[in-house]
Amino acid sequence: MKMDWLTDADLTPLVAPLNPAQKEAVTAPPQPRLVLAGAGSGKTRVLTHRLAWLIAAEGVSPHSILAVTFTNKAAAEMRGRIEQLISVPVRALWVGTFHGIAHRMLRRHWQQARLPQNFQIIDADDQMRLVKQVLRGLDLPDDRWPPRSVCGFINARKEEGQRPQQLQDQGDYSQRQYVRIYTAYQNACEVSGLVDFAELLLRAHELCRDNAEIQAHYRRSFRHILVDEFQDTNTLQYAWLRVLAGDSGILFAVGDDDQSVYSWRGARVENMLRMEHDFPGARIVRLEQNYRSTGTILKAANGLIAKNSNRLGKNLWTAAGDGAAIQLYAAYNEIDEAEFVALRCAEQRAAGRLCELAVLYRSNAQSRVLEEALIRHRIPYRIHGGLRFFERMEIKDTLAYLRLLANRDDDASFERAVNTPARGIGATTLERLRAVARQQQRCLWQTAQTQAAELGRSAAAVQKFLRLIEQLATDTAGQPLSATMALAIERSGLREHYQTAAAGSRGGGEQAQARLDNLDELVNAARSFERPPEDSALDPLTSFLAHVALEAGEQQAEAGEDCVQLMTLHAAKGLEFPAVFLVGLENGLFPHARAVDEGNLEEERRLCYVGLTRAQRQLYLSYAEVRRIHGAEQRGAPSIFLREIPAECMVETRPRSGVLRSLPPASCAPHRTVSAASSISEALPGGYRLGESVRHAKFGEGTILSFDGSGERTQVEVRFKSSGTKRLLLSMARLERG
DNA sequence: GCAGTCGTCATTTTT
DNA sequence: TGACGACTGC
């Protein structure tokens, strides 16, 4: 049954580089498998080799395999690596993100999915705007119904597979309003032919679940389903996979429960356990040999994560040596901490490349002080995160015009474009249009056409806008995408708008110039997109817009320069660096007080585990005794995680001199090392633990957020349910265990 | 429509 | 402390 892609001899490169566990996973018989892939254990390798193995050794047709990832980056990497392994046309493979695959199906079966052929995808920002409009339409004040929460509600419902009509009225007023908003929002999307991210998945799931023909088609097609980062799947994604697999589809899931750090956005680690029940014959394969880090780093990581309960269980080991000890730096304050990082970076600059260094932190706000220190030391750095190219204001402004060209029903784009740049169509006019549109159940564009004459003062402006779009449509018909783009930027007045801003005020001029450059870049992007990739039944414009929505692009293209990498722990997941600084290891900051409060200490610990396992050779940990948080100086205790890392893995390093220290220890030689055990290992008197519930005679019930000091002077910070957060002297507070 | 001012809020984020 | 959104006055 072997296909002629490869001969037997060619199978060698597929299995030769694998260790026994990897080989077991890759060459497993066609049965469901859950591969528990520890950090740095060759997860991607197993996934790609498995895929290649199925084709080359099992004779599976490339068309019968579906491989799903979470990010575009992961999908691209998989494609690239498969290409290197076997000579199979990668385009024949269904390799993509959950959203990308769902999108592909919905475009194919738009009629069955009950979508307009030219439906458009909206991103989180568009969704928020739309929700705000809907709230206005329902006359609900957005301080009582915060758009953020509403979006959260809608997305959470969709990710649970719930439509508004399926939500039961529990007699709760607030709940009822949320359902009402959800209904109205969904209605607005239908009218405008818009699909948000969660909707892509939900529609695709419903399509495959409810349409017998389509279901049979894809079940026949996808004999094998491979999933990456399985611990991050949400309820809906899991349900969809089950529908696609049916009784005979074979699921090969790769994930690591210890790296599950996205429960707050719907990820369900439980899916890993459910899989064993839902897919008969499923077996677990553990990948525990680590190829990334030193023995010391792994020992630290293993020691830490062992404190978690409810694990599937796994112990990383390496054939490499112990390597250098982990260095722990007790900084006086956050400036001192940043200075330590910058100095070490400066040292490393001579030894190696700066891009081998990463600074990881829990929350974005921590980056500022680090940046300032790096700038002082003239060390180039790059921050991952923040606004990406296609999320920039000027880009989204331009895209609104293009979306309106593609689809006049798109109210969200109409709202955005109609008065950007300002052309005298203000809030009053718009509100009038919206009211009529709602009443007549029509889109804004149609309403504007019929009502223009009755709009009084702004009638002319509205009519001019309508003509602008129509004229643009006529003039760009049949033109290449980039030409359409360029013309839209000119005619809309957007270029002029930013040009005046650039020429004007000195302060904002620089930013306006950057915006102009971005507009040029957008035209360039369109140019390189003029031959649409697959499924080109779509017109190039819709195809481009979908691409833009699904792949918002890199944050900054300037990857050229060699620089230190700064990012949050979440953003670091999946990456590795020769040397890693993990900063801000203080209770309250990391683990974050809010997470502890919400009972998510274990997820914080997993996040720390992710951080530790990013390092290949050298790991630096640091905390500040005092830190400015929201303007106020706060004394924080070393993170509970520092006590959970085996003390023998760490050495404590002290500052060069006491310049920034209030009280430099006199005997403190530069880089003096002492045992870390002293300062962080003692237990909290009374044996209290972080996150533990306690009761206070006066303040009632609360949760321990952090503690510092020692012995008689130990202080605890407790968040009380009714009276807020208080700092108490442990010996005086007479807390009871709750 | 814009600039200036005030009040509020402050974890993590891909698609 | 500082960023952002809402509001106010020209």
Does a side-chain N or O of [X] approach OP1 or OP2 of [N] to a distance below 4.0 Å, or not?
X         : N       : answer
Thr568(A) : dT11(B) : no
Arg388(A) : dT13(B) : no
Arg594(A) : dT11(B) : yes

With heavy atoms under 4.0 Å as the rule, sort [X] into base, sugar-phosphate or nothing.
X         : value
Asp123(A) : nothing
Glu604(A) : base
Asn419(A) : sugar-phosphate

Atom [atom1] of [X] to atom [atom2] of [N]: distance rounded to whole Å?
X         : N       : atom1 : atom2 : value
Met567(A) : dT14(B) : CE    : C1'   : 16 Å
Glu598(A) : dT11(B) : CD    : C1'   : 9 Å
Asn364(A) : dT11(B) : CG    : C1'   : 8 Å
Glu586(A) : dT11(B) : CD    : P     : 15 Å
Leu589(A) : dT12(B) : CG    : P     : 10 Å
Leu569(A) : dT13(B) : CG    : P     : 10 Å
Asn600(A) : dT12(B) : CG    : P     : 15 Å
His592(A) : dC9(B)  : NE2   : P     : 16 Å

Worksheet item: Taking C-beta and beyond as the side chain, do Thr235(A) and Glu159(A) meet within less than 4.5 Å on heavy atoms?
Response: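 SC-SC contact between Thr235(A) and Glu159(A) ruled out.
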
Fill in: Sub-4.5 Å side-chain heavy-atom contact between Phe197(A) and Lys158(A)
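Answer no - side chains too far apart.
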
Discussion item. With the 90 degree cut-off around zero defining syn, does dT11(B) come out syn or anti?
Written reply: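 Syn conformation for dT11(B).
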
Worksheet entry | Quiz item: Arg628(A) side-chain donor-acceptor pair to dT1(C) base, under 3.5 Å |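 Answer is no: no donor-acceptor pair is held.
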
Of the listed nucleotides [options], the one nearest the side chain of [X]:
X         : options                  : answer
Ala422(A) : dT13(B), dT15(B), dG1(B) : dG1(B)
Tyr262(A) : dT13(B), dA10(B), dG1(B) : dT13(B)
Arg368(A) : dT15(B), dG2(C), dT12(B) : dG2(C)

Worksheet entry | Partners passing salt bridge (charged side-chain N to carboxylate O under 4.0 Å, His left out) against Glu372(A) (at least two apart in sequence or in another chain) |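 Here the qualifying residues are Arg368(A).
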
Practice prompt. Answer yes when Glu394(A) and Arg416(A) have at least one side-chain N-carboxylate O distance shorter than 4.0 Å, and no when they do not.
Written response: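 No.
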
Practice prompt. For dG5(C) versus dT12(B), give the span between their P atoms, rounded off to a whole number of Å.
Written response: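 Taking atom P in both dG5(C) and dT12(B), they lie 16 Å apart.
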
Practice prompt. For nucleotides dA3(C) and dT14(B), find the distance between their C1' atoms and express it as a whole number of Å.
Written response: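 Per the computed distance, 24 Å lies between those C1' atoms.
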
Practice prompt. Scan residues 124-147 of chain A for pairs that pass ring pair (Phe, Tyr, Trp, His ring centres under 6.0 Å), counting only residues two or more places apart or in two chains.
Written response: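 Qualifying pairs, neighbours excluded: Trp145(A)-Tyr178(A).
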
Worksheet entry | 5′-ward residue of the pair His630(A)/Ile425(A) relative to DNA chain B |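 Going by which nucleotide is closer to the 5' end, it is Ile425(A).
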
Discussion item. Judged by each residue's nearest nucleotide on DNA chain B, which is more toward the 5′ side, Arg423(A) or His570(A)?
Written reply: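 Upstream on the strand: Arg423(A).
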
Worksheet item: Cationic tip of Arg157(A) within the cone over Phe153(A)'s six-membered ring, i.e. under 6.0 Å and within 45° of the normal?
Response: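 Yes, Arg157(A) lies over the aromatic ring of Phe153(A).
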
